[in-house]
Protein chains: 2
Amino acid sequence: MKIGELSEKSGLSRDTIRLYEKNGLISSSASQSETNNYRDYSDDVLLQLQFVSSAREAGISIADLRELMEAFFDSCDPSQAENVIVAKTTELKERIVQIENVIAFLDEALVKVREALGDD
Amino acid sequence: MKIGELSEKSGLSRDTIRLYEKNGLISSSASQSETNNYRDYSDDVLLQLQFVSSAREAGISIADLRELMEAFFDSCDPSQAENVIVAKTTELKERIVQIENVIAFLDEALVKVREALGDD
DNA sequence: CCAAACCATGGACCGTGGTCTATTGTTTTG
DNA sequence: CAAAACAATAGACCACGGTCCATGGTTTGG
């Protein structure tokens, strides 16, 4: 499919898709036509973009995603791919713990605020 | 305490502390001295900075933190503070779910990679 | 056929978060 | 006292992630 359709289906702008491609998160092939230089995206790319998109929302950097996508699709060395995936998973779990700490802090604050409300 | 000591204790650079102060995450008072315009930071500010620091690591934006810190310390209206805290907590929990989705995806990928490794 | 819609490329631009530098003034310390 | 360390301020600079714009070419629909 062409970038417009991909943009439509993924919910990402053309610019963003091109940015991701330039950064090695996805790849495309030249279209069949001899007369243009349009890019052709496979259905797989749509799935990849959906993953990338949710990962970006989760705060994972493009650089990190590049590493992951390369590990999945370009790596000729599965054990290296494994290393990357395990490392990123560990990182993400740490991140969850950090966020949970912040939530715990907020919960405590909430208790105090509600006490203040009760003291009206 | 002066900014150097605060920097030392918080592990944040002077520049970063000033940036946070400019953005309303912390506040300070003028020093006692008549001859300088140094800022004076209370011990509470150190605690606040420790929270801010870990929250920043967890990916919470300065703008969001400003809202939270204002809700804690500046709000004359506890019920509004409560709203902000609840909203941010909800947001953070959604974020955790997103990260967990990414981890789940990575786990699946890991299984496949390990199958590939097993097929050696 | 021709206008509208699409595509690629490159560069400018923006907000965010932070660092670095220069300048000037103050305090501390040997 | 003098040098070193510290402080405040302003502005430049940086990376990141993304959007917007201009240009020029291609395809599509009426």
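Computed from a predicted model, the values in this text were never measured in an experiment. These values consider heavy atoms only, across backbone and side chains, with no hydrogens, waters or symmetry-generated copies.
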Give the rounded distance in Å between these two atoms: [atom1] of [X] and [atom2] of [N].
X: A:N23; N: D:dT19; atom1: CG; atom2: P; value: 13 Å
X: A:R66; N: D:dG17; atom1: CZ; atom2: C1'; value: 15 Å
X: A:L25; N: D:dC16; atom1: CG; atom2: C1'; value: 13 Å
X: B:L65; N: C:dG17; atom1: CG; atom2: C1'; value: 12 Å
X: B:K22; N: C:dG17; atom1: NZ; atom2: C1'; value: 11 Å
X: A:L19; N: C:dG11; atom1: CG; atom2: P; value: 15 Å
X: A:D64; N: D:dG17; atom1: CG; atom2: P; value: 9 Å
X: B:I17; N: D:dA8; atom1: CD1; atom2: C1'; value: 14 Å

Reading nucleotides 25-30 of chain D from 5' to 3' and marking B where a protein heavy atom lies under 4.0 Å of the base, S where only the sugar-phosphate is that close, and - otherwise, the string is BBS---
So, does A:Y20 get its side chain near the phosphate of D:dG18, meaning an N or O under 4.0 Å from OP1 or OP2?
yes
Remember a base hit wins even if backbone is also touched, and classify [X] as base, sugar-phosphate or nothing at under 4.0 Å, heavy atoms.
X: A:I62; answer: sugar-phosphate
X: B:I3; answer: sugar-phosphate
X: B:R39; answer: sugar-phosphate
X: B:R18; answer: base

Which side-chain N or O atoms in residues 48-60 of chain A pair as donor and acceptor under 3.5 Å with protein atoms at least two apart or in another chain?
| residue | atom | partner | partner atom | Å |
| --- | --- | --- | --- | --- |
| A:S54 | OG | A:F51 | O | 3.0 |
| A:R56 | NH1 | A:I60 | O | 2.5 |
| A:E57 | OE1 | B:Q98 | NE2 | 2.7 |

Which heavy-atom pair separates [X] from [Y] by the least distance, and what is that distance?
X: B:S10; Y: B:I17; value: OG-CD1, 3.9 Å
X: B:S27; Y: B:Y41; value: O-CD2, 4.3 Å
X: B:A30; Y: B:D40; value: O-CB, 4.2 Å

Please report the C-alpha distance between B:K88 and B:E91 in whole Å, then the side-chain angles of each, then the deciding distance to 0.1 Å, and finally whether the salt bridge (Lys or Arg N to Asp or Glu O under 4.0 Å) criterion is met.
CA-CA 5 Å; B:K88 291 299 167 200; B:E91 240 179 83; 3.5 Å; yes
Those residues that, when tested against B:Y38, pass ring pair (Phe, Tyr, Trp, His ring centres under 6.0 Å) (two or more places apart):
none
Assuming nearest nucleotide by heavy-atom distance, tell me which of B:D15 and A:D40 is located more 5' along DNA chain C.
A:D40
Pick one: which of A:N83, A:T90, A:T89 meets side chain to side chain contact (heavy atoms under 4.5 Å, CB included) with A:V86?
A:T90
